[in-house]
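The structure appears below as structure tokens.
Chain A is the first sequence line, chain B the second, and so forth, proteins listed ahead of strands; every chain is numbered from 1. All values below were derived from every heavy atom in this structure, side-chain atoms included, with hydrogens, water molecules and symmetry-related copies excluded.
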Amino acid sequence: MKVVFLGTPDFAIPSLDALLQANFDVVAVITQPDKPRGRGHKMTPCAVKKFAMDKGLDVHSFTRIRRKEGVEFLKSIDFDVMVTAAFGQILTQEILDIPKYGCINVHASLLPKYRGPAPIQWAIIKGETETGITTMKTERGVDTGDILMQEVTPIYPDETAGELFDRLAGMGGDVLIKTLQGLEDASITPVAQDHDKATHFPMFAKEDGKIDFNKTAAEVHNLVRGVNPWPGAYVTLGSEILKVWKTEIIREKATRRPGTMVCCDSKNGVIVNTSDYQIALREIQFAGKRRMEAAAAMCGRELNTSEAFE
RNA sequence: CGCGGGGUAGAGCAGUCUGGUAGCUCGUCGGGCUCAUAACCCGGAGGUCAUGGGUUCAAAUCCCUUCCCCGCAA
């Protein structure tokens, strides 16, 4: 089958790679255009573009694929199926009607739950114990199309979004291939989603990484996992921002009001009260410094336990 | 040229402004105390102060080069 692949970030790479490994004919790869990224704001291509160019594929970028230029490009090439994976642009019906086998989307949740652009992170933040990959027919709505295949995987208690992201990205490639093969031999029947059970979560705002110690220790722990590595959890102490990369719930009841420190020294690290239990900040990072064990950080810096995190 | 912080012992930091003996906390090693210890006491080892050049009687410190790490912002 001749495939046109639309994807942008890291998550999409294993899917594209799986297509190549399975000898699908990837006739074109479409990504978001280069943007100024990183320190220095240098123009940088997205992950999929870099990968695809390394593989010698035909790569195109459109600010809006739905505009005339993009539509005309798609109509000008010969292909059978379109695959989207974290592409980041909404397609029009006109575009969806172009390929004979339609358009397939790879989504990193068990739809209809966790629709939207950040399903992996939100599943962790909400304390889910399992998630998965869903392939579906792409519709004009966001993640609303009929389900083709679904595979489940557990979310481990201390797993971070980054770790889960890597696993799901890999699974996404596998499920995508099975889905395409199923479509070819007509062994898959699309099933409509139960829209009443749908949940939708937005893209993260920078503030979403801020820890609220008025929540429970479990909720704090899930937030820290869910926003690691991006955008990263943080607390403020006075005017200073402290990023928190790893936490551990301590099975001791909180001793004082949420946000206050139980202790902070080079033996025990930093332990903070939440609304129920205590939580240890295991791996932290001060501005300008690299991330480090909390106990190590306390060797060269003293915090005052009378201060509280906000 | 988006803004900014940093590189000093195994770890985390101070010292740099104002040039003049390499410091602190932790770890580590040895000894002591103790029924015992992750606790306490005593002692030791461990540094080419990122890199290259310059100024100087003298540079971690002042000037310039290069490399690397990181926060914000995107």
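The separation of B:rC33 from B:rA45, taken at their C1' atoms, amounts to 23 Å, rounded to a whole angstrom. Taking the P atoms as reference points, B:rU8 lies 15 Å from B:rA60, given to the whole Å. Of the C1' atoms belonging to B:rC13 and B:rA22, the separation is 14 Å, rounded to the nearest Å. Comparing the P positions of B:rG47 and B:rC57 gives a spacing of 31 Å, expressed to the nearest Å. Nucleotides B:rG44 and B:rU25 place their P atoms 14 Å apart, quoted to the nearest Å. Taking the C1' atom of each, B:rG19 and B:rU55 are spaced 12 Å apart, rounded to whole Å. B:rG7 sits 28 Å from B:rC1 when the P atoms are compared, rounded to a whole Å. When the C1' atom is compared between B:rG20 and B:rG31, the two are found 37 Å apart, to the nearest whole Å.
The interatomic distance linking A:Asp265 (CG) with B:rA38 (P) rounds to 17 Å, in whole Å. Separating the CD atom of A:Glu302 from the C1' atom of B:rC24 is a distance of 10 Å, rounded to the nearest angstrom. Rounded to whole angstrom, the span from the CE atom of A:Met292 across to the C1' atom of B:rG10 amounts to 15 Å. When rounded to the nearest whole Å, the span between CG of A:Asn268 and P of B:rC26 equals 13 Å. Rounded to whole angstrom, the span from the CE atom of A:Met298 across to the P atom of B:rG12 amounts to 13 Å.
Between A:Thr131 and A:Leu164, the closest side-chain pair of non-hydrogen atoms falls below 4.5 Å. Side-chain contact between A:Thr134 and A:Tyr114 is absent, with no heavy atoms from C-beta onward closer than 4.5 Å. With contacts defined as side-chain heavy-atom distances shorter than 4.5 Å, the pair A:Val106/A:Thr84 does not qualify. Under the 4.5 Å side-chain criterion, counting only non-hydrogen atoms from C-beta, A:Leu20 is in contact with A:Lys55. Side-chain contact between A:Leu110 and A:Val152 is present, with at least one heavy-atom pair separated by less than 4.5 Å.
Pair assignment for B:rC3: B:rG71, on the basis of Watson-Crick or G-U wobble contacts that are both within less than 3.5 Å. Taking a pair to require two hydrogen-bonding distances under 3.5 Å in either a Watson-Crick or a G-U wobble arrangement, B:rC57 pairs with B:rG20. The partner of B:rU48 cannot be assigned: no Watson-Crick or G-U wobble pair with both contacts below 3.5 Å exists in any strand.
The cationic atom of A:Lys243 (NZ for Lys, CZ for Arg) does not lie both less than 6.0 Å from the six-membered ring centre of A:Phe286 and within 45° of the ring axis.
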**Item:** Summary of protein contacts for nucleotides 68-74 of chain B, nucleotide by nucleotide, where a base hit scores B, a sugar-phosphate-only hit scores S (4.0 Å, heavy atoms)
**Value:** -SBBBBB
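Panel note: side chain A:Arg37, backbone A:Thr44; a donor-acceptor pair is recorded below 3.5 Å.
The phosphate of B:rG27 has OP1 or OP2 within less than 4.0 Å of a side-chain N or O from A:Lys267.
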